[in-house]
Amino acid sequence: MIHVNGVSKTFRGVDAVSDVSMTFGPGKVTGLAGPNGSGKTMLMRMVAGLVRPSSGTIDVNGKTVGQDIPFPPSLGLLLEGPTFLSDYSGFENLSMLASIKGQLGADEIRGWIERVGLDPADKRHYRKYSLGMKQRLGIAAALMETPDIVMLDEPTNALDSDGVEMVRREVEEARRHGATVILACHDANVLQGLSDEIWYLAEGHIDGYEVLAKEVRHEL
């Protein structure tokens with residue numbers, strides 16, 4: 001459970017996020033909607049512990065990020081564009097990431113590469129990947145350890161229709177596993193098709209809230 005409590009973030013006198021309070025729950029997909037500059041990505045950065053709020057707190061299971069814990073302990077994150085080591089293959093990059101926690105073996109990593117529509121035997125270096133391939137690898141990195149919290153910022157960027165369907169399938173699977181999923185997406189059809197609820201942001205403020213019926217959510 002994530003509680004955002006009166007959070008603001010100010011840069012040089014300008015509020016990127018202003019007095020935002022919301023809750024993200026397990027087994028639920030919460031969408032964040034709003035134009036560029038509305039505060040979606042900044043809010044996700046603060047939840048992830050990458051940026052400290054100027055005021056307010058973010059609590060994950062009763063522990064305050066930046067005080068009790070540096071960041072959520074079980075987090076899968078795709079924030080803006082994915083970046084990996086350019087002179088290594090997709091498999092090599094994911095293997096290095098997986099080695100930090102040591103939870104996944106080589107076969108499991110290959111399985112995740114296949115799940116996102118890539119070839120685990122592809123020896124090409126990451127720098128030779130297309131934008132769509134890079135996006136797919138970023139999604140695999142975010143999801144492969146089945147984290148308790150999944151945050152995906154514009155996950156369908158550069159993806160074709162098969163890629164969008166893959167995102168839908170994997171988000172649904174994360175929900176079924178009980179993950180707390182936070183999703184930001186400019187495409188209203190994608191966001192409404194995946195989300196249980198949507199918070200609307202404008203100029204760093206909350207501008208609306210919507211709970212979606214199942215028949216709306218599954219129209220994607």
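- In this structure, T30 and M22 have side chains that are not in contact, with every pair of non-hydrogen atoms separated by 4.5 Å or more.
- L104 has its side chain within reach of M144: a pair of non-hydrogen atoms, C-beta onward, lies under 4.5 Å apart.
- Put simply, the side chain of V181 does not reach to within 4.5 Å of the side chain of D196, judged on heavy atoms.
- Heavy atoms from other residues, nucleotides or ligands lying under 6.0 Å from CZ of R52 number 12 at most.
- Relative to the ring axis of Y126, K134 places its NZ or CZ within 45° and under 6.0 Å from the centre.
- Remark: the backbone N or O of M1 is paired with a side-chain donor or acceptor of N61 at under 3.5 angstrom.
- Scanning all heavy atoms of the two residues, the minimum distance from V4 to V7 falls at CG1-CG2, 3.6 Å.
- With hydrogens and angles ignored, the 3.5 Å screen pairs a side-chain donor or acceptor of S21 with a backbone N or O of G6.
- Within the cation-pi definition used here (under 6.0 Å to the ring centroid, within 45° of the axis), K9 qualifies as a partner of F11.
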Quiz prompt | Audit row: D87, R127, salt bridge (Lys or Arg N to Asp or Glu O under 4.0 Å) steps and yes/no | solution = CA-CA 7 Å; D87 291 329; R127 57 186 161 83; 2.7 Å; yes
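- H186 and N157 are not linked by any side-chain donor-acceptor pair at a separation below 3.5 angstrom, with hydrogens and angles left out of the test.
- Residues V211 and I2 share a hydrophobic cluster, clusters being chains of Ile/Leu/Val/Met/Phe/Trp/Tyr side chains in contact below 4.5 Å.
- R175 places a side-chain N or O within 3.5 Å of a backbone atom of L194 that can act as its donor or acceptor partner.
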Practice problem: Start with the C-alpha distance between W112 and E145, add both sets of side-chain angles, then the distance that settles side-chain contact (heavy atoms from CB on, under 4.5 Å), and finish with yes or no. | Solution: CA-CA 10 Å; W112 270 102; E145 293 175 327; over 6 Å; no
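- There is no path of hydrophobic side-chain contacts, each under 4.5 Å, that joins V171 to F24.
- Listed by chain and number, the hydrophobic cluster partners of M96 are L85, Y88, where partners are ILVMFWY side chains within reach of under 4.5 Å, directly or through others.
- Under a hydrophobic-cluster definition in which Ile, Leu, Val, Met, Phe, Trp and Tyr are linked whenever side-chain heavy atoms come within less than 4.5 Å, directly or via other members, I206 and L183 are assigned to different clusters.
- S8 and D19 are not linked by any side-chain donor-acceptor pair at a separation below 3.5 angstrom, with hydrogens and angles left out of the test.
- In the hydrophobic clustering of ILVMFWY residues, with side-chain heavy atoms under 4.5 Å counting as a link, L78 and M151 come out apart.
- Q135 contributes a side-chain N or O that, together with a main-chain N or O of E154, makes up a donor-acceptor pair within less than 3.5 Å.
- Q67 contributes no side-chain N or O that, together with a main-chain N or O of T64, makes up a donor-acceptor pair within less than 3.5 Å.
- Partners of D160 under the salt bridge (charged side-chain N to carboxylate O under 4.0 Å, His left out) rule, at least two apart in sequence or in another chain, are R136.
- R176 and E173 are joined by a salt bridge, as a carboxylate oxygen and a charged side-chain nitrogen come within less than 4.0 angstrom of each other.
- Put simply, the side chain of S38 never gets that close to the backbone of A202: no donor and acceptor are under 3.5 Å apart.
- Within the 4.5 Å cutoff, the side chain of L118 has heavy atoms near those of the L137 side chain.
- Side chains of V65 and D59 form no contact here, defined as non-hydrogen atoms less than 4.5 Å apart.
- A distance-only check finds a donor-acceptor pair linking the side chain of E108 to the backbone of G105 [under 3.5 Å].
- Under a 3.5 Å cut-off, the side chain of T10 and the backbone N or O of G13 do not form any donor-acceptor pair.
- Below 30°, between 30° and 60°, or above 60°: for Y209 and W199 the angle between ring planes is between 30° and 60°, a tilted geometry.
- Following chains of ILVMFWY side-chain contacts shorter than 4.5 Å, one can reach V116 starting from Y129, so the two form part of one hydrophobic cluster.
- The backbone N or O of A179 lies less than 3.5 Å from no partner atom in the side chain of D148, so there is not a single donor-acceptor pair.
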